[in-house]
2 protein chains.
Amino acid sequence: MPKVGMEPVRRKALVDAAMRVIGDHGSLTVTMSEIAKQAGVSPALAHHYFGSKEQLLIETVRSHLQRLRDSVVMELSAAKTPREKLSAIIRVSFQADQFAPETIAAWLAFYAEAQRSEETRRFLVIYARRLRSNLLANLKALCPHEDAERIAEGAAAMIDGLYIRQSLRSAPISIEASIALTEDYINALLAPLSKKGRPSKGQIK
Amino acid sequence: MPKVGMEPVRRKALVDAAMRVIGDHGSLTVTMSEIAKQAGVSPALAHHYFGSKEQLLIETVRSHLQRLRDSVVMELSAAKTPREKLSAIIRVSFQADQFAPETIAAWLAFYAEAQRSEETRRFLVIYARRLRSNLLANLKALCPHEDAERIAEGAAAMIDGLYIRQSLRSAPISIEASIALTEDYINALLAPLSKKGRPSKGQIK
DNA sequence: TATTTTTGATTGACTGATCAATCAACAAAA
DNA sequence: TTTTGTTGATTGATCAGTCAATCAAAAATA
């Protein structure tokens, strides 16, 4: 085996391994040994590259959020109208790999960790803001601004709520049903509204 | 100091202490020592009464859920109509002590724990089912059954989602706003419906 | 080209701290 | 004197983090 330029390879392997271990362990109380073993290296090497367990965990959150962000960007650029973009955001939130039990377990663990780790919290806040602002921007094209704020808040909450409920794995809701519930919410709140505030009968002001 | 009948007193003190410690620690990785100190007894006594840390934690979840349940029952009995009962359920979910940062942190920790502890998971499943079925029962009085199912699912998700978003403590949503968002959801989805499925103009079948 | 030197990658063994859990002993009430 | 409550001291396990030593490739030198 070669000997140079291993660093990026090992870092990625360790971050991926951490994600997997956290996922099926369902918590951040995982040991460096478990992660290292999963990545096929010694625990000492994990410390060598990341300095501390906390740092490795933070990189793991970062990487996960980055991947999610990339998905959103890609899907958003494919969608044309604001309404299509809203659907794209929803679709990505519930896409299969995001909605897998291990991924959801990891999410939950990250949220719990954010109660103690300021840095983890910051990442999740960024994610939450991005979700909200993506929704908001497109809603503003479809209804008055104040309504858009409310609806964005509600839709974001619903998405996160569907996640957390999924984590209990009792009567799990399918991906399609989750998408439908969120779409319904947006449609129902948008229905009586329109860009410039059409009251009820299609009269444009 | 007196000497008999201490057991229930100590158990309650320890469970309450655990809740407090978990709350401001924001995680279940708390030590028996911390809990015992908070309760003003020695760690050995905590083990004496609960046998293990896990058992104490489980009792803590149970006690918390029981208190919530009591609140719901009380508020529900005060409400008369189905629509009022729906509002009562929502109101309890967001009542001040439930929505306090430490309580939310504790909830989150319990959800994370449920990934590993079957018993904790069972309690949370029971809570989730109860919330859903309380909503469902009252919704059924207001719209067709299939619609009631969807709306109950969505409202439950929204409630949980508002909780989890609150845990990030960035741009926190007020109690009133949280209630308003959930009420809006129900109103919006209920609007085009009625008990026997009036299509759109008030014609009763 | 052959050799030595340097450098990055990697690990086994170890340390120190933390903690759940146990237990023997003691105090006070019954 | 029996029972209940209570604790300090201790044990054993687990882990994050450190370190000195090894190995093999690459670079420098002859």
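A donor-acceptor pair under 3.5 Å links the side-chain atoms of B:S178 to the main chain of B:S174, judged by distance alone.
Spacing between atom NE2 of A:H47 and atom P of C:dT10 amounts to 16 Å, rounded to whole angstrom units. Following rounding to the nearest Å, A:R11 (CZ) and C:dG8 (C1') show an atom-to-atom distance of 14 Å. The interatomic distance linking A:K53 (NZ) with C:dT18 (C1') rounds to 13 Å, in whole Å. Rounded to whole angstrom, the span from the CZ atom of A:F50 across to the P atom of D:dT18 amounts to 16 Å. In this structure, CZ of B:R10 is placed 12 Å from C1' of D:dT7, rounded to the nearest angstrom. What separates CE of B:M6 from P of C:dA30 is a distance of 11 Å, to the nearest Å. Distance A:L45 CG to C:dG8 P: 15 Å, rounded to the nearest Å. We find that CG of A:L57 is positioned 10 Å from P of D:dG17, with the value rounded to whole Å.
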Output, in order, the C-alpha distance, side-chain angles, deciding distance and verdict of side chain to side chain donor-acceptor pair (under 3.5 Å) for A:R67 and A:S63.
-> CA-CA 6 Å; A:R67 220 169 302 170; A:S63 136; 3.1 Å; yes
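In this structure, the ring of B:W107 has its center no less than 6.0 angstrom from the ring center of A:Y111.
Of the N and O atoms on the side chains of A:S87 and A:E183, at least one donor lies less than 3.5 Å from an acceptor on the other residue.
Closest to the side chain of B:Y49, out of D:dT7, C:dT11, D:dG5, is D:dG5.
Within the 4.0 angstrom heavy-atom criterion, no nucleotide atom of any strand lies near B:V9.
Taking for each of A:H48 and A:T31 the nucleotide of DNA chain D with the nearest heavy atom, the 5'-most of the two is the partner of A:T31.
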